[in-house]
Every structure is written in structure tokens, then in C-alpha cells.
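Take a look at the structure set out below.
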Protein chains: 2
Amino acid sequence: MPTDAVEDYLKAIYRIESRAGPPVSTSQIAEALDKTPATVTSMVETLSDRGLLSREKYKGVELTPAGEVAALEVVRRHRLIEAFLAEQLDYEPTEVHDEADALEHHVSEEFTRRVERVLDYPAADPHGDPIPPADLSTPEDAGATLVAALAPGERGTVARISDRDPDVLEFLVDAGITPETTVEVVDVTSFGLVTVRTSDGDEHGLPEAVADRVYVRRAAESGAASDGQEASDA
Amino acid sequence: MPTDAVEDYLKAIYRIESRAGPPVSTSQIAEALDKTPATVTSMVETLSDRGLLSREKYKGVELTPAGEVAALEVVRRHRLIEAFLAEQLDYEPTEVHDEADALEHHVSEEFTRRVERVLDYPAADPHGDPIPPADLSTPEDAGATLVAALAPGERGTVARISDRDPDVLEFLVDAGITPETTVEVVDVTSFGLVTVRTSDGDEHGLPEAVADRVYVRRAAESGAASDGQEASDA
DNA sequence: CTATTAATTTAGACTGGTCAAAACCAGGTA
DNA sequence: TACCTGGTTTTGACCAGTCTAAATTAATAG
Ligand SMILES: [Mn+2]
Ligand SMILES: [Mn+2]
Ligand SMILES: [Mn+2]
Ligand SMILES: [Mn+2]
């Protein structure tokens, strides 16, 4: 029943909400979906009429429980499709997003279940983003950014890399920094450049804009350093 | 660039054309797509404006070469997706159609190629319908119906079963009559009931409406008995 | 408390797809 | 030839989604 557009709005609002919290403004949504503010105003009004979000004029919107469920269903389909493309059709992590963005609105529940089963209930998509299970319980463990989690000399495992900016993603994949790989922070400069050593011994200089998009878990022995939130594109 | 609706119209017109030949009437299209005649008139006008078909008012339409190419692309995607669902996700031939009907409009060329590759360039979908290769060269070998091809006592291989009527399809699949299986015509009654023996020795009585939807190749030794055309749903 | 301004909403318009109701054609019938 | 009648087109309407331009609001600066 919901259209592609409706699902894309819900997904976008969900993402913004979990990164920056409600209320989500018209312009934030417009920015995320590349639509004009006027268009967004009109759409959030219909979403509000359908009970998917609550809205306060000139303030912003917030998903209702129903809206959040609907959003999570889309996110689940999106990530499952991404995982599927990477696993079964040999897509690169960089190629997976656009295809999934179209397909996410058109696969049946049946399809979703079967994909999930064939992949043996994967926990994360190729970017490391957690895949909500069928009951939509959502851990959504974001992890902490490189600099937040790891002091120079410390080592950790990449949990997730943001898929938001294709160029950043490309950069990271080229550097061999992908989910599950091990990295050690060698150095952090005052202007934000982070030098890391990957498991194969190579060193890479990551500009701040890139380093901030890498989320890691510290290599055991010390508890979770938290904070450094950011919800991903999917 | 073409929308879902445009693609569905082209596919429908292509199918009708290859079953009954041009011109294809407004009501035929309306029937096939479950739209009102008024809607169809309006759509064929825009299709005509785009050069995808030629139209003579009150007479009907016929695909142009460009329209036929576009239609074949959709058919190709549809059948490839059906094959993929059956092969990789373990769908039954009866379950495959609706999913493919939605997805066919949203998979990229890249996806199509990869699926084709992973399936090792399959010749036919789960209903036996030929899959046009990337160059869209189209054999579209329809095969002959059971009674047309096989006299009682003769044996043949099922080439294709019509996917048009879900109930008929279900009946055939349940009886174990699917593409590549061997059947022998045991008997044909005056009122059209065809009794066949399948390879496992079981006999099945097929009402005329069912038998007419089974296409076979005679078991070697004699050339192709032809005729008995019918284009399928995909 | 007022004036400025940036964000937001409203107003009005357009496209694509659809339908119901009314008008219209074309081929066959009397 | 004049009339039916079934299929077809026309007309006018509507919904979803989008945009531009104009009006409005809220927050901030003076
Ligand atoms: Mn999408
Ligand atoms: Mn992702
Ligand atoms: Mn379709
Ligand atoms: Mn088929």
C-alpha cells in the first residue's frame, strides 16, 4: 500500500531521527531526499494524516510507532538486499546501494524471508550496518568513530563504514578498510588527519571527513567506548 | 526512463501481438491489464507519441521496432528473474510470476547481466518460456500443443507450460508435468480429455483447457510438428 | 519592542496514470 | 438506405507527487 515515495520519506526521517533526534525539520528531509522544502511540507502532511508521524508546524516531525515500524521494514529490506547482492551476485560494497534503493520497495515479504534464509540470517549488510530481524527488534549498535574509540597505538575491528558518501566509501574500500578488518591508529594530527595501519601492514592517511565515517570496536580487554553516533544511509 | 505502466503495456501488447497478431485492439489490452478502455486509449496515445507503437484510431495498435525492443527487454528481465527465483531462492514455478512482475521494472542492466551469468545463461524460465539473450535476438520457439504434436502412443518432452492461468499451472505442476519432463499421450477422448503417462508411470487425465496449455517436442525420430501458437504471460 | 531574515508553509500549476459518463464510429441488419 | 449496437474515443474529474513563486512565521539582532 505505501508507495515508493512514502517509504523513502520514512526511511530518511528515521535515519535523521536516529542521528540527530527529533524533531526532524523540513529542510533536513529536503536535503536528504533532494526535494524542495515545499514538496516535503506537502508530503509530511499526508504522512501525518496517515498516522505515520506527528507534526508540529514550523517545528518538525517525529515518527509515530507505526511510522517507525514501516521505516524499519524498509531498512531491513534494503540491507538484506545489499547483503544478497554482495554475497550471491558478487557486487562490490560500493555498487550495492543504488540497486537496493530501487528494489527495496518492490520485493515481497516472501522474497525477504527467503533471501534472509539463504544468507543464513546475516547480522549486517556489506557496510556493516545491522540488519533488523523479521520482528524488527533493533539493536542498531552504532559503534564509535575511529578517534573516539582508539588512542594512537590502540587496535580495533572495523564495525561499520558509512555508506552515505559514495566517494568516502570508495576511498575506504580501496584502502582495504571494510567491516571486520583490523586497524591500528598510528597517529592523529591536530588538523584531524588519522593515520592507520591495516592488518597487511599498510599505512593510510585518512582525512577527518573519512575517518569520521569509520566505526570500530576496540580490540577486547577494555569495555565499550561509546558515543559518536551516526545513522547510515542504509 | 519508461515507467512501470509503460513497460507493462508494451509487454502486454507484445504478447497479444505474438499470439493473435496485429492490430491489437483497445479492449484486448484493457482485458489483459485489467484497465478500462478509456485508460488504454489514453495510454496508447502517449505510447504512440513516443514512437513505441503505431496506431490507427478505432482499429488498433502495432508495436514499432523500438517498441518491440523495449518490450523484449522487459520480457527478458521478467524471465531471467523468474529463473533466478526458482534456481537460487527455491521458489516453485507457481510462485514466481508475481514477484517477477514487480521486479522486472526495477532491476538494472548490471543486475540482469549478473543474474544471467550466475545462472550460466539459461535458455528458458521455469515455465519453459525462452529467455531472450542480451542482444534480444528472439527465437521464441513456441512448440506444439500436446494433441497437435503427439498421437496416442507417442512420447515427447515438455517444452513449455503456459503460465497464464495460475490454476492451470498449479494443476500441471502438481501432476509433475513441467518443462523437460517426458510424457506419453495415452488417449484422447472426443470431448478433449487427454490422458498422459508421465515418466514415473503415473497417468493423469488432462481436461482440454489444461492440455492446450502444454507444449511438447516429439521424441526425436520425426521432424517438428508445428503450429499451436500461443504467447505466454512471461 | 521592532525590524530583519531564514525557514516554512501556502497557492497555484503541471505530469502521469487512472476512471465514469457521455459522445461517437463503423460494420452489420432490416 | 437508415438504424442498431458494440467497441472506441472524448470529456471531465481525481489522486499522488512534484515544482516555482508568493506569503507567512518564528527566531534573532538591535
Ligand atoms: Mn528507495
Ligand atoms: Mn548499507
Ligand atoms: Mn510488471
Ligand atoms: Mn514465465
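Protein chains get the first letters and strands the later ones, always in sequence-line order, with residue 1 at the start of each.
A heavy-atom distance below 4.5 Å is not found between the side chains of B:Glu208 and B:Leu193. Contact of the B:Pro207 side chain with the B:Phe171 side chain is registered, since non-hydrogen atoms from C-beta on lie closer than 4.5 Å.
Nucleotide C:dG16 holds its C1' atom 15 Å from the NE2 atom of B:His105, rounded to whole Å. Distance B:Leu33 CG to C:dC19 P: 10 Å, rounded to the nearest Å. One can place CD of B:Glu45 at 13 Å from P of C:dG16, the figure rounded to the nearest angstrom. Rounded to whole Å, the distance from CE on B:Met43 to C1' on D:dT8 is 18 Å. Note: CD (B:Glu31) to P (D:dG7) measures 12 Å, nearest angstrom. Remark: C1' of C:dG16 and CG of B:Asp4 are 12 Å apart, rounded to the nearest angstrom. To the nearest angstrom, P of C:dT18 lies 9 Å from CG of B:Asp8.
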Distances under 3.5 Å between protein N/O atoms and the N/O atoms of nucleotides 19-21 of chain D, please, pair by pair.
{"from": "D:dC19", "atom 1": "OP2", "to": "A:Thr36", "atom 2": "N", "distance (Å)": "3.1"}
{"from": "D:dC19", "atom 1": "OP2", "to": "A:Thr36", "atom 2": "OG1", "distance (Å)": "3.2"}
{"from": "D:dC19", "atom 1": "OP2", "to": "A:Thr39", "atom 2": "OG1", "distance (Å)": "2.4"}

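Heavy atoms only, all atoms of each residue included: B:Val24 and B:Ile29 are closest at CG1-CG1, 3.6 Å.
The aromatic ring centres of A:His97 and A:His78 sit less than 6.0 Å apart.
Separation of atoms CG (A:Leu103) and CG (A:Leu80) is listed at 12.0 Å; rounding is to 0.5 Å. Note: A:Arg55 CZ to A:Thr64 OG1 = 14.5 Å, rounded to the nearest 0.5 Å.
Within residues 47-59 of chain B, the residues having any heavy atom closer than 4.0 Å to DNA chain C are, in order of number, B:Tyr58.
Using a cutoff of 4.0 Å between basic side-chain nitrogens and carboxylate oxygens, B:Glu104 and B:Lys11 are scored as salt-bridged. One finds a salt bridge joining A:Arg77 and A:Glu7 here, because a Lys/Arg side-chain nitrogen approaches an Asp/Glu carboxylate oxygen to under 4.0 Å.
Distances from the side chain of B:Pro37 to the nucleotides D:dG17, D:dT9, C:dT10 place D:dT9 closest. In this structure, of C:dG17, D:dT10, D:dA16, it is D:dT10 that holds the atom nearest to the side chain of B:Thr41.
For B:Ser25 and D:dG7, the shortest distance from a side-chain N or O to OP1 or OP2 is not below 4.0 Å.
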Would you give me the side-chain donor-acceptor pairs under 3.5 Å for residues 107-115 of chain A, sequence neighbours excluded?
{"from": "A:Ser108", "atom 1": "OG", "to": "A:Glu110", "atom 2": "N", "distance (Å)": "3.4"}
{"from": "A:Ser108", "atom 1": "OG", "to": "A:Phe111", "atom 2": "N", "distance (Å)": "3.0"}
{"from": "A:Ser108", "atom 1": "OG", "to": "B:Glu99", "atom 2": "OE1", "distance (Å)": "2.5"}
{"from": "A:Ser108", "atom 1": "OG", "to": "B:Glu99", "atom 2": "OE2", "distance (Å)": "3.1"}
{"from": "A:Glu109", "atom 1": "OE2", "to": "A:Arg113", "atom 2": "NE", "distance (Å)": "2.9"}
{"from": "A:Glu110", "atom 1": "OE2", "to": "A:Arg114", "atom 2": "NE", "distance (Å)": "2.6"}
{"from": "A:Glu110", "atom 1": "OE2", "to": "A:Arg114", "atom 2": "NH2", "distance (Å)": "3.0"}
{"from": "A:Thr112", "atom 1": "OG1", "to": "A:Ser108", "atom 2": "O", "distance (Å)": "2.9"}
{"from": "A:Arg114", "atom 1": "NH1", "to": "B:Leu89", "atom 2": "O", "distance (Å)": "2.9"}
{"from": "A:Arg114", "atom 1": "NH1", "to": "B:Asp90", "atom 2": "O", "distance (Å)": "2.7"}
{"from": "A:Arg114", "atom 1": "NH2", "to": "B:Glu95", "atom 2": "OE1", "distance (Å)": "3.3"}

